[in-house]
Amino acid sequence: MLSTQAIENIKKAIAKYPRKKSASMDALMIAQKECGHLTEDILLEIAHLLEMPPVQLNQVAAFYTMYNKRPVGKYHIQVCTNISCSLLGSEHIFQFFSKMLGIKKGETTSDKKFTLSEVECLGSCGTAPMMQINDDYYENLTEAKIEEILKTLK
Amino acid sequence: MEPVLLKNINTPDSHRIDVYIKNGGYQALPAALKMQTDALIQMVKDSGLRGRGGAGFSTGLKWSFITKDATIPKYLCCNADEGEPGTFKDRAIIEKDPHQLIEGMIIACYAIGAHAAYIYIRGEFDFGARRLEQAISEAHQKGYLGKNILNSSFNCHIYVHRGAGAYICGEETALIESIEGKRGQPRIKPPFPAQVGLFAKPTVINNVETLACIPHIVNKGPRWFASIGPEKSPGPKIVGVSGHVKNPGLYELPMGTPLREVIFTHAGGIRDGRKFKAAIPGGVSAPMLTEKDLDTTMDFDGMAAKGTMLGSAGVIVMDDTTCIVKVAMRTMGFFRHESCGKCTPCREGTDWTYKVLHRIEHGQGKDGDVELLEKLCGNIFGRTFCPLGDGAVMALRGALKNFRNEFEYHVKKKRCMV
Amino acid sequence: MATVKINGKEITTEDGTLILDAARQAGFEIPTFCYQARLSRLGSCRMCLVEIGGQKKLQPSCITPVLHGMEVFTENETVKSARSSMLEFLLANHPLDCPTCDKGGECELQDFVFKSGPRRSPFSEWKRRFHEKDEILSPIIVKNHNRCIHCERCARICDEVVGVSALGGIGRGAKTQETSFWNTTLDCDHCGNCIEVCPVGSFMSLPYRYKSRPWDLKEADTVCPYCATGCQITIGARNGEILRVRSKSATGINKETLCSRGRFGYHFMQSGKRLTKPMIKKGGKLIECSWDEALSAIKQRFGMGRKTAGIASARLTNEELFVFQKLVRDVFKTNNIDLDSRFANKWVTSAMVDICGFGEGGISIFDALKADTIFIIGSAISDENPITDYLIRTTASDKRKTLILAHPRRIKLNSSATISLKYKPANPGDVIKGIVNFIEKGKDKAEGDIDTAALRFKNASNITMFLGADILRLDNGVDVLKNIAVLKTLLKKAGKNINCLPLFDRCNQRGAINMGIHPLFLPGFKKTEEEGMDCGEILSAAKNGEIESLYVLGEDIVSMYPDAGFAKDAVSKVKFLVVQDTFLTETAKMADVVLPGATYAEKDGTFTNQEGRVQRVRKIISCVGDSKDDLSILDNIGGFGYKSAKDVFDDIKEEVPSYKDILFDALNNAGVLVNGQGAGVMSHESGVRSQRQEAIDDSEYPFQIITGNHLFHSGRLSQKAHVLVKLLAEPFVEISDEDAKELGLSDKEVVIVKSKEYEAALKLRMVKGSQKGVAFIPENFDSVSVNLFYKKGKGIPKVKIIKQ
Ligand SMILES: Cc1cc2nc3c(=O)[nH]c(=O)nc-3n(C[C@H](O)[C@H](O)[C@H](O)COP(=O)(O)O)c2cc1C
Ligand code: SF4
Ligand code: SF4
Ligand code: SF4
Ligand code: SF4
Ligand code: FES
Ligand code: FES
């Protein structure tokens with residue numbers, strides 16, 4: 001069940017558009033922020049709020065990569081491995097994370113703290129290599145910088 | 001050239017409305033509101049401004065397609081999906097100088113008679129989205145947005161619509177679908193968005209940088225704009241340089257600046273004393289250029305003449321340590337991941353081509369693989385539903401055309417040349 | 001008009017014609033996957049790419065209209081190689097398990113590859129696999145995602161035509177799966193249209209799974225035996241066993257669609273409970289006997305004159321019904337003959353005949369749907385006539401059209417309606433009176449939905465009204481129809497074009513009326529010299545011992561007549577009861593002689609659907625056991641000497657002028673609409689009498705019962721079709737969510753439904769948007785027979801609903 005706050009926020013999102021369905025993307029993100037990942041029940045609840053067929057909502061949830069259908073760790077580390085980042089060593093960065101956390105692509109640490117993913121270009125190629133952890137960008141990455149960052153993530 | 005669009009990005013608090021106003025912002029809006037909309041559209045036409053989203057279509061002309069019938073609601077969509085790998089220009093405007101964009105959007109809405117606009121921003125730009133929300137609310141408070149803007153009869157609202165991770169939503173009809181709350185799959189054209197767009201109403205879609213040019217055109221006049229760079233694609237242009245250069249970053253240059261000057265003068269040349277090998281001029285969809293093409297000018301027509309495109313002007317520079325097969329594989333991997341899956345040649349073609357490239361790159365190439373790649377390119381190109389599939393092919397063809405020997409080497413020797 | 005050259009051949013077509021259609025007109029076939037005429041344009045499979053002179057890129061012919069002067073190439077090397085490359089792409093990841101695929105032999109992918117595909121695949125990579133074992137998606141669907149070619153026909157038909165929106169592409173790019181919401185069991189209309197339109201073996205029919213190879217099936221085109229929409233179906237049988245029913249994209253008014261009843265409701269014919277031998281009552285018990293014994297008993301014991309009667313089912317063919325009325329009138333010498341159709345009183349039926357202008361000939365549904373304003377009253381059409389519902393839904397997607405839907409229940413079609421009107425089951429007339437009032441008073445400001453509807457009528461120029469069978473059920477149905485007649489006249493006077501069509505729930509209801517199964521008129525609406533008794537009157541008379549012989553043809557009166565106790569009592573008083581049926585129904589159990597008849601797949605003949613379209617029913621399997629086709633049974637008793645259905649049809653043509661021009665042997669899948677050569681015989685002004693139905697609200701019993709067919713069922717027949725039973729095995733009671741909330745009841749809980757007559761425990765279903773104070777119970781189940789709530793003469797039953 002979504003909190004009343006989340007439902008309020010979804011209603012605000014609905015108000016932006018002439019059709020309720022348009023708020024589906026916002027609604028999914030609001031729910032994900034609250035629940036961590038999207039489940040069958042959450043989708044049914046949102047579909048009901050937006051008066052849309054559940055399958056059409058799931059089409060949205062499954063199409064866009066930022067919606068998590070499975071639980072992710074507290075910190076979702078998303079390393080860009082597209083060309084500009086790759087030219088400047090993103091694979092190395094990824095391997096470094098993998099070694100430090102002891103997990104492979106798409107996995108979550110057993111303490112549920114970190115999930116490690118590879119992502120496409122994040123629009124920050126001038127400061128490659130880079131990554132995103134949850135909502136924040138971290139740019140011009142080096143091993144030393146990563147160690148520092150990991151220390152701040154409690 | 002004096003920077004225009006990036007002039008204030010290093011000013012402290014450049015994203016605040018007060019700072020924007022202090023530096024001459026929101027002067028174009030009152031001027032524009034005093035103009036007839038036809039004159040305004042003519043002004044944009046006269047400036048020669050061509051869309052900065054990649055296709056380079058005349059912005060004024062696009063606006064002029066919108067019906068003048070005031071009883072029909074219309075929409076403006078700002079394309080801030082910025083997903084083309086190698087591109088990071090719109091983000092700078094959004095985060096550092098959002099009012100420039102908002103002022104441009106209000107003027108555009110006025111010109112086409114829209115009372116609502118959506119900024120489609122890619123979901124990963126969380127910071128940017130918050131900046132925009134803040135800027136919109138500041139503009140409301142100052143009376144630049146909302147009802148009876150600056151005591152005129154014009155009403156306008158801007159909403160932020162956040163994407164959630166899909167490159168294809170940068171394609172204008174997929175973007176519309178996405179705002180309508182659906183999967184981002186392109187729609188059949190015609191009807192074009194100018195007739196049947198968002199919520200089935202006439203709609204203009206413009207890139208962030210395109211819209212950010214508008215206040216400057218209104219302020220300084222179309223002739224000023226047209227005088228910068230080549231006659232057929234004039235204006236200032238933000239070029240993003242990334243990859244193996246000493247000084248990666250954004251450079252605002254006149255359209256038509258030669259690629260060589262961009263890489264070697266502005267971006268400081270190749271880093272670590274290595275040699276230049278190739279450059280992708282306009283995001284990964286644009287075929288790569290080599291040494292011999294370095295004097296090509298960075299504008300729509302100059303690039304087209306060399307079989308590539310200006311695209312988003314995201315220049316990716318590669319030095320001589322770069323394995324082109326790997327670049328090709330990674331690029332195809334991107335398109336395979338981003339293919340929306342609607343049409344057969346792109347959905348199946350990018351998947352298949354990637355698998356072949358993956359094999360070659362991993363030392364399992366077979367005789368005839370290079371020919372197979374060429375055949376696959378031919379079977380995809382020109383037959384897909386939207387330009388994404390073509391982009392995938394153009395990128396691979398660019399690599400094959402210039403570095404066929406590297407592919408063949410991989411196939412034969414099962415290892416990399418470099 | 002546009003003149004274009006296709007492969008050098010010049011043809012002229014209408015502007016806006018798709019290149020695909022123009023090419024087909026010119027005789028060039030272009031392969032397609034995603035294109036389906038009645039679905040929204042997708043243009044995604046790229047199979048249909050063609051070259052247009054002067055254009056560099058190939059263009060999809062399924063979304064590109066012709067332009068005058070265009071030159072198109074559909075067969076040149078570029079086009080052919082593009083076509084072959086698309087197939088190559090589709091095959092790349094295709095499992096190619098044709099030998100074990102149910103679709104093998106009738107698969108569009110297989111066919112196109114055979115015709116224009118690559119002979120060898122250069123694809124040598126790992127194939128994408130979503131699963132190893134096929135997935136069961138519903139009681140009727142088995143799904144193989146690996147075979148999907150992403151044409152999205154399944155999802156589009158479900159959304160745009162069926163109106164359920166249960167399917168969609170989940171995922172992105174090559175990883176997309178066309179499936180249900182969470183890839184879990186579907187709770188949908190179970191129509192199987194997704195299966196029908198799937199070009200490959202991705203959506204497959206579970207009941208048909210591994211049953212047969214298509215080339216081993218013997219197929220015949222015939223008509224669905226359930227509702228009066230009159231869908232064309234194709235029955236496939238092997239070794240005398242029916243294995244499937246399908247629809248065809250170019251056939252019938254239904255085209256590729258059917259509802260769950262039509263597609264999966266065929267198993268009753270092979271139910272082990274079929275009657276296979278005649279039976280005769282001896283010592284109070286029915287025992288099997290020979291045909292001779294049974295028939296001579298009837299010939300000897302069935303009486304003659306006013307104390308005899310016949311009641312028939314509207315599921316029989318025109319030919320059988322014609323012979324039946326001949327038997328009743330010419331041999332039994334009585335006009336006491338009626339249909340079971342909702343046990344309407346005779347005046348309501350004749351008023352319906354009048355207002356729908358049966359005498360004026362048939363109206364094609366497609367012409368009817370050209371109207372700008374469509375009005376439906378008295379039918380839960382989404383349940384009763386599902387394919388008519390589909391046709392209206394697709395028409396109403398044109399937002400320039402107005403769809404006004406009036407019914408107490410909220411049904412699926414409401415989501416497509418411009419205006420939804422509600423009323424209490426006993427008073428559909430109120431809605432009409434409201435509309436008439438608005439128009440008569442010359443108002444033009446609308447307050448409330450009825451006014452808005454009236455305003456739409458005022459502004460319409462071409463109107464079609466669909467009148468549902470609910471109205472037939474009402475004792476005051478005549479008044480309701482009178483009100484509608486007033487509205488019709490009013491609108492006609494205002495210069496509007498108006499068509500009225502009935503919505504019937506039995507496949508041959510209109511045909512039966514044409515054939516004179518009615519106490520007031522003979523075949524072709526000729527008035528009888530003497531008024532006969534209708535069903536209710538016959539039963540009342542029987543109860544008083546005034547009916548001595550009763551012949552019941554294919555109907556279970558005891559289970560269906562509204563007031564079970566009364567019906568049973570009445571039937572029990574009949575001295576000699578003959579029941580001719582396919583099952584030992586409750587009524588048959590009481591008979592003196594039981595005759596085993598045939599189902600529609602076991603006989604030839606014709607049905608006339610609600611439009612007035614005469615369609616051929618074709619025999620595909622032989623009768624079970626010693627059972628006989630109904631025509632020969634009736635013919636034997638009457639001694640008429642008819643040899644075949646065609647023989648009878650020749651007589652029908654003589655007596656029913658509107659059938660005169662129809663050639664039995666030439667009837668094809670399109671059927672033929674009856675013509676208007678029988679006009680003006682009946683007139684509602686003449687004899688129509690109203691029997692007021694009291695509809696006083698009773699605060700102790702606040703719900704009015706409305707009944708009818710459920711989407712998965714029809715009468716009591718569908719109970720014998722096990723797939724349909726799997727879809728819905730038990731009745732339920734449906735009320736509005738408002739009522740449920742007020743009563744503190746929740747969805748799916750078992751509640752007590754109690755009238756003064758009867759009470760039953762039923763599962764509750766709540767529906768948002770239904771009329772308050774209305775309880776719907778489907779009439780299709782023996783377990784809680786809804787007619788037990790009824791009391792003859794008391795009108796619509798009133799009940800209360802309480803927590804168990
Ligand atoms: C696959 C694809 C991705 C695109 N991505 C973007 C994008 O991220 N941002 C953008 O402005 N335009 C993008 N475009 C171009 C848009 O479709 C459209 O042409 C542009 O937004 C129009 O704006 P403009 O006229 O101001 O350039 C993309 C096009 C395609 C085919
Ligand atoms: S080319 Fe086809 S599959 Fe690829 S993104 Fe465009 S529409 Fe989707
Ligand atoms: S069976 Fe009918 S309702 Fe169910 S998913 Fe298929 S098309 Fe939709
Ligand atoms: S399941 Fe069948 S109908 Fe649906 S998209 Fe796949 S191939 Fe087409
Ligand atoms: S709509 Fe009626 S005729 Fe058509 S398949 Fe269903 S029950 Fe049969
Ligand atoms: S390539 Fe990594 S941010 Fe663009
Ligand atoms: S049939 Fe034309 S694109 Fe699919």
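The shown structure was predicted, so the numbers you read here are calculated from the model rather than taken from an experiment. In what follows, every chain begins at residue 1, and chains take the letters A, B, ... in the order their sequences are listed.
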Legend entry - Ionic contact status for Asp351(B) with Arg336(B), cut-off 4.0 Å: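 Answer for the salt bridge query: yes.
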
Legend entry - chain B contact via Ile63(C) - which portion, at a heavy-atom distance below 4.5 Å: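 Contact with chain B: side chain only.
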
Legend entry - Engaged part of Glu152(C) at the chain B interface, taking heavy atoms whose separation is under 4.5 Å: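 Contact with chain B: side chain only.
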
Inset, instruction - Quick one: which of Cys346(B), Cys343(B), Gly349(B), Gly341(B) has the most heavy-atom pairs under 4.5 Å with chain C, could you say? - result: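 Most heavy-atom pairs within the cutoff with chain C belong to Cys343(B).
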
Legend entry - Residue among Lys355(B), Arg359(B), Lys375(B) with most heavy-atom pairs under 4.5 Å to chain C: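 Between Lys355(B), Arg359(B), Lys375(B), the count favours Lys355(B).
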
Check for me whether [X] meets the cation-pi criterion with [Y], that is, NZ or CZ under 6.0 Å from the six-membered ring centre and within 45 degrees of the ring axis.
X         : Y         : value
Arg122(B) : Phe125(B) : yes
Lys143(C) : Phe203(C) : yes
Arg41(C)  : Tyr35(C)  : no

Inset, instruction - Output the option from Ile149(C), Thr64(C), Asn93(C), Thr176(C) having the highest count of non-hydrogen pairs under 4.5 Å with chain B. - result: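 Of Ile149(C), Thr64(C), Asn93(C), Thr176(C), Asn93(C) has the most heavy-atom pairs under 4.5 Å with chain B.
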
Inset, instruction - Please determine, among Lys56(C), Lys175(C), Lys57(C), the option with the most heavy-atom pairs under 4.5 Å with chain B. - result: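 Highest number of pairs under 4.5 Å: Lys57(C).
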
Legend entry - Donor-acceptor under 3.5 Å (Glu14(C) side chain, Met1(C) main chain):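 Not at all, since once roles are kept as given, no pair shorter than 3.5 Å links the two residues.
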
Toward chain C, the part of [X] with a non-hydrogen atom under 4.5 Å:
X         : result
Thr384(B) : backbone
Gln185(B) : side chain
Asp369(B) : neither

Inset, instruction - Would you please test Ser124(C) and Lys366(B) for side-chain hydrogen bond (donor to acceptor under 3.5 Å, both in side chains) and show each step? - result: CA-CA 10 Å; Ser124(C) 58; Lys366(B) 289 188 291 210; 2.8 Å; yes

Legend entry - Option passing salt bridge (Lys or Arg N to Asp or Glu O under 4.0 Å) with Glu171(B) (candidates Lys189(B), Arg187(B), Lys342(B)):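 With Glu171(B) as partner, Lys189(B), Arg187(B), Lys342(B) yield a single salt bridge (Lys or Arg N to Asp or Glu O under 4.0 Å), made by Lys189(B).
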
